[in-house]
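To start, the structure itself, in structure tokens.
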Amino acid sequence: MTDRLQLFESLRLWSRDGLSAMSGTLPHFLQEPDDAYIVKSNPIKLRCRARPALQIFFKCNGDWVHQNQHTSLEHTELGTGLKIREVMINVSRQQVEDFHGPEDYWCLCVAWSHLGTSKSRKATVRIAYLRKNFEQEPQGMEVPINGMIVLHCRPPDGVPAAEVEWLKNEELVSSIEDINIDTRADHNLIINEARLSDSGNYTCLASNIVARRRSATATVIVFVNGGWSSWTDWSECNVHCGRGVQKRTRTCTNPAPLNGGAFCEGMSVQKSTCTSPCPVDGGWAKWTMWSVCSSECERQRTRECTDPEPKHGGRLCDGAALDMDNCTGDLCIQDRKLLHDVKVPQADMDSNNDVALYSGLAAGVVTVVVLVIAVTLYRRNQSEYGVDVIDSSALTGGFQSFSFKSARQGNPLLMNSSMQPDLTVSRTYTGPICFPDSMEKELIPEPALFDPLPDLKVKVHSSFMVSLGVSERAEYHAKAPSQTFPRGVVQEMGGGGGTLGGRGKSQLAPVQPALLSSMTTGKRPLRTSGVFGHGGGRLVVPNAGVSLLVPHGAIEEDTTWELYMSITQQDSSALSDEGQEILLSPEVTYGPPGLTLSCPVALTIAHCADVSSEDWNIKLKRQTQDNSWEEVMTVEEESTACYCLLDTQCCHLLVERPGCYALVGEALTQEAGKRLRLAAFGNMEPNFLNYSIRVYCVNDTPHAFQEVVSVERGRGGRLLEEPKTLLFRANSFSLQVSIQDIPQFLWSIKPFTTCQEFSFSQVWCSSQSPLQCAFSLERYSPAANQLSCKISVRQVKGHEQILQVYTTIAESEKDTVPFFTQSDCTISSQTGSRAFKIPLSIRQRICATFDTANAKGKDWQLLAQKLHIDRNLGYFARQTSPSAVILSLWEAQHQERGDLDSLASALEEIGKVQSKHSTSVDTLDCIKDFSFSLQRVAKPCK
């Protein structure tokens with residue numbers, strides 16, 4: 001009983017003391033509600049715990065939560081005896097979605113005690129989500145080694161905000177393990193110094209409590225730009241006597257380009273002139289005085305090989321340096337005998353040796369004569385009608401005689417040996433076969449050959465139509481090819497046999513002068529002119545692949561100039577004396593000489609070099625006032641005096657000085673090649689039985705082919721097949737032209753002409769004058785009016801082209817359909833805005849935008865890069881408006897196509913690049929407007 005009373009007393013005292021304590025304390029929250037996120041449709045719980053608390057209720061969005069929705073727990077703290085109350089409520093997704101207020105759904109707790117009430121913090125309840133699309137995905141990039149890599153990533157919008165991680169090749173990237181990597185800067189991945197190992201596929205990974213999203217993969221390539229190794233030592237001079245060339249090389253291996261890095265800029269081969277001392281053969285000086293007569297009755301005298309002394313490998317002097325003579329006329333007595341008698345045995349022995357020597361020489365001569373006679377008789381007995389390959393270099397002198405030889409078995413290029421010989425033909429055939437000049441002699445007056453005929457039209461069995469428009473008289477010059485051979489090819493001088501068996505000795509024989517020497521005088525260059533002012537314009541030599549672009553503003557306001565442009569057709573003097581250079585383009589002159597311009601003009605010249613490999617050393621040369629030629633630049637080198645953009649068929653030059661320019665090339669290896677254009681023409685001969693087919697091989701430039709067109713125009717010839725291109729290598733092998741598959745029962749061909757050959761030097765050095773082969777076919781009956789055959793043009797151990805001929809033979813001049821047609825190519829000049837592809841207003845605003853420097857450098861450099869004109873930027877840097885010069889070069893490069901879409905695409909790419917950097921919004925909008933305006937050829941941005 002006592003124990004129970006004590007217990008009640010303790011409870012009474014605790015209750016009194018506890019109420020007293022509670023009466024002086026406001027509720028204190030031990031746990032306040034936390035912000036929560038509803039994932040999918042799962043409700044969340046909000047909790048509150050306070051002491052001392054008689055009661056706790058939730059209030060959400062300003063409204064009290066019903067008591068039935070509360071879950072309460074209560075207990076007494078042992079140490080203080082204070083009452084602790086914990087309350088929980090559930091919040092569903094529907095409740096949050098149904099709430100429409102100025103802020104998020106929120107709840108707080110209100111706790112009561114005897115002293116008063118306390119409020120907890122507001123807890124927001126939001127519906128969690130993560131959108132699918134990234135606001136910014138990382139973009140692939142190429143960076144040089146040791147450069148900085150910055151991959152930007154802005155994760156999708158989500159609640160709560162997504163956390164970002166980076167994956168490289170599906171492995172997590174950690175900035176803790178690699179101090180070179182920083183992933184803390186606003187979700188971006190930064191690699192301070194790029195290494196080769198940093199190349200890979202990078203992915204931005206964004207995740208929150210709802211989902212995980214992956215960005216598109218960005219490929220990062222760390223490249224290494226090539227660097228030159230040290231120069232090798234200079235090679236030995238390539239000649240043993242006189243002026244030659246020595247070279248040294250370097251390789252792009254320090255380091256080698258890797259992962260698409262740029263190849264080294266500059267030349268891999270450097271050449272320098274050198275002089276090797278020529279050998280000096282020794283020469284005898286004068287004899288010394290005779291010595292005193294000795295006891296043996298002899299005297300001596302000497303001479304030295306010092307006039308001159310042999311030097312640099314020269315030969316020593318021939319003969320004896322010591323001369324002995326008897327002092328007394330062989331009367332001196334020695335051992336009681338005359339000295340003459342003592343020396344008789346030796347003299348007899350010398351006489352016997354001389355007799356044997358002369359006898360042997362006579363026997364050898366007789367043997368050689370007998371062999372020559374035997375071979376001659378054998379060849380006469382064995383000779384039959386036949387043909388062999390003819391070297392046309394033997395025919396360049398005019399009419400030559402050729403002996404018939406036996407046809408060789410198994411040679412498809414030769415005439416069919418099964419054909420019966422024409423016994424009406426004599427043992428020799430004389431006639432003009434191949435001509436290295438521009439045309440054959442014809443029995444018509446010279447003016448009639450050159451006067452232009454009315455422009456007519458033809459329909460041939462081909463898709464090709466030749467457009468002809470010449471504003472003035474076409475004139476030509478027959479030129480003998482110079483003695484020029486590619487590097488590494490040695491000229492072999494020998495007899496000029498024209499047969500296949502003698503090819504090894506005759507391929508590089510000197511070429512004789514052309515037949516039509518009368519054509520070499522009185523020649524005028526092809527010339528065009530136009531008057532230009534401040535608006536600029538374009539000047540074109542029709543059908544010649546030559547044009548001049550004068551930019552807007554190049555000529556001062558209120559000033560006009562009459563500009564002209566001409567093509568020289570005389571023998572070229574632009575080649576060096578070393579004999580290894582050939583002319584790759586026509587010599588083009590623009591003027592007048594006193595022309596003053598404020599910016600460079602763009603001069604376009606067609607060339608015939610195969611520039612797909614680095615086997616050429618191509619130079620630009622300019623003629624000086626004294627008619628000599630100076631080197632302006634090498635195409636591969638950088639220069640601030642001139643800019644050269646070499647395309648596959650044309651060379652676009654930015655020049656500031658009027659004058660005469662030409663491209664010359666030196667073959668560095670035997671793989672160097674130039675393009676030849678092949679064309680076949682034909683017409684009936686006056687007797688209406690013979691049909692003449694002429695095959696031309698000219699440099700693949702419009703101007704060179706225009707010469708052929710003009711010649712055939714005067715002859716009334718027809719184009720038999722679409723012209724084709726043949727790559728001719730600098731390997732010293734000749735060019736063979738053969739006619740095959742002739743209908744044997746309808747047509748016959750004269751002997752000696754089934755296969756003809758040009759020597760290497762004729763083809764390689766031909767520039768101004770076209771090479772021509774003629775085939776004369778005779779039909780058996782006038783009723784045969786169809787001709788079909790194949791013409792094979794091939795370089796020995798090289799490429800081959802086939803010209804397939806299908807033609808109908810006309811019986812009269814009225815039936816002959818020329819192949820020429822009039823076209824608008826006769827327009828030689830355009831001035832003002834009509835001459836340009838880019839509208840002037842857009843051009844001016846592009847220049848104003850890109851010529852301005854920004855924090856990242858010069859914008860015009862990016863413009864040059866996107867237009868693929870990113871070499872030799874130092875030339876543009878010194879211009880007043882680099883962008884204007886770049887656009888002028890683009891205009892010259894695209895004058896045929898006028899592809900404004902490519903320029904618009906380049907500007908669009910520039911806009912994307914600039915948007916990643918700190919470029920102003922106005923500039924970006926302007927660039928986008930440029931692209932849009934070019935696509936629609938409308939007004940520029942404002």
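One is the number of the first residue; the rest follow in order along the sequence.
- Using a distance-only test at 3.5 Å, with no hydrogens or angles considered, a donor-acceptor pair links the side chain of Ser174 to the main chain of Ile176.
- In this structure a side-chain-to-backbone donor-acceptor pair under 3.5 Å is missing from Glu77 to Lys83.
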Can Asn254 and Trp228 be said to form a side-chain contact (heavy atoms from CB on, under 4.5 Å), step by step?
CA-CA 5 Å; Asn254 187 34; Trp228 288 114; over 6 Å; no

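- If you check the gamma sulfurs of Cys651 and Cys644, they are not less than 2.5 Å from each other.
- Checking Thr251 against Ser229 by side-chain atom types alone, a donor-acceptor pair falls below 3.5 Å.
- Among residue pairs with one or both ends in residues 874-883, those qualifying as salt bridge (charged side-chain N to carboxylate O under 4.0 Å, His left out) are Glu656-Arg878; sequence neighbours excluded.
- Of the N and O atoms on the side chains of Ser92 and Gln95, at least one donor lies less than 3.5 Å from an acceptor on the other residue.
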Go through the steps to decide whether Leu46 and Val125 satisfy the test side-chain contact (heavy atoms from CB on, under 4.5 Å), and finish with yes or no.
CA-CA 9 Å; Leu46 296 179; Val125 179; 4.2 Å; yes

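- Closest of all the heavy-atom pairs between Arg843 and Ser888 is NH2-OG, 2.8 Å.
- Residue Met88 is tested with Arg47, His70, Gln69, Arg49 for a side-chain contact (heavy atoms from CB on, under 4.5 Å); the sole match is Arg47.
- Dense packing is recorded around CG of Leu172, with more than 12 heavy atoms of other residues, nucleotides or ligands lying under 6.0 Å away.
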Evaluate side-chain contact (heavy atoms from CB on, under 4.5 Å) for Leu26 paired with Thr117, printing each intermediate quantity in order.
CA-CA 7 Å; Leu26 287 173; Thr117 61; over 6 Å; no

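- Remark: side-chain polar atoms of Asn180 are paired, donor with acceptor, to backbone N or O of Glu193 under 3.5 angstrom.
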Under 3.5 Å, which donor-acceptor pairs link side chains of residues 218-227 to any protein atom two or more places apart or in another chain?
from: Thr219; atom 1: OG1; to: Asn201; atom 2: OD1; distance (Å): 3.0
from: Asn225; atom 1: OD1; to: Ala262; atom 2: N; distance (Å): 2.9

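- Side-chain contact of Asp157 with Tyr129: a donor-acceptor pair under 3.5 Å is present, judged by distance alone.
- Atom CG of Asp98 has more than 12 heavy atoms from other residues, nucleotides or ligands within 6.0 Å.
- Taking the six-membered ring wherever Trp is involved, the centroid distance between the rings of Phe58 and Trp64 does not fall below 6.0 Å.
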Check against side-chain contact (heavy atoms from CB on, under 4.5 Å), Tyr875 and Ser639:
CA-CA 7 Å; Tyr875 177 82; Ser639 171; over 6 Å; no

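- Here the closest heavy-atom approach between residue Phe134 and residue Cys204 is recorded as CZ-O, 3.6 Å.
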Output a table of donor-acceptor pairs, distance under 3.5 Å, between side-chain atoms of residues 101-109 and any protein atom two or more places apart or on a different chain; print 'none' if there are none.
from: Glu103; atom 1: OE2; to: Trp106; atom 2: NE1; distance (Å): 3.2

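- Of all heavy-atom pairs between Ile44 and Ala36, the closest is CD1-CB, 3.8 Å.
- Using modelled atom types, one finds no donor on one side chain facing an acceptor on the other under 3.5 Å when comparing Asp182 with Ser175.
- A salt bridge links Asp178 and Arg195; the closest N-O separation between the charged side-chain nitrogens and carboxylate oxygens is under 4.0 Å.
- Here the side chain of Glu97 pairs no donor or acceptor atom with the backbone of Gln94 at under 3.5 angstrom.
- Ion pairing between Arg214 and Glu170 holds under the 4.0 Å rule for side-chain N and carboxylate O.
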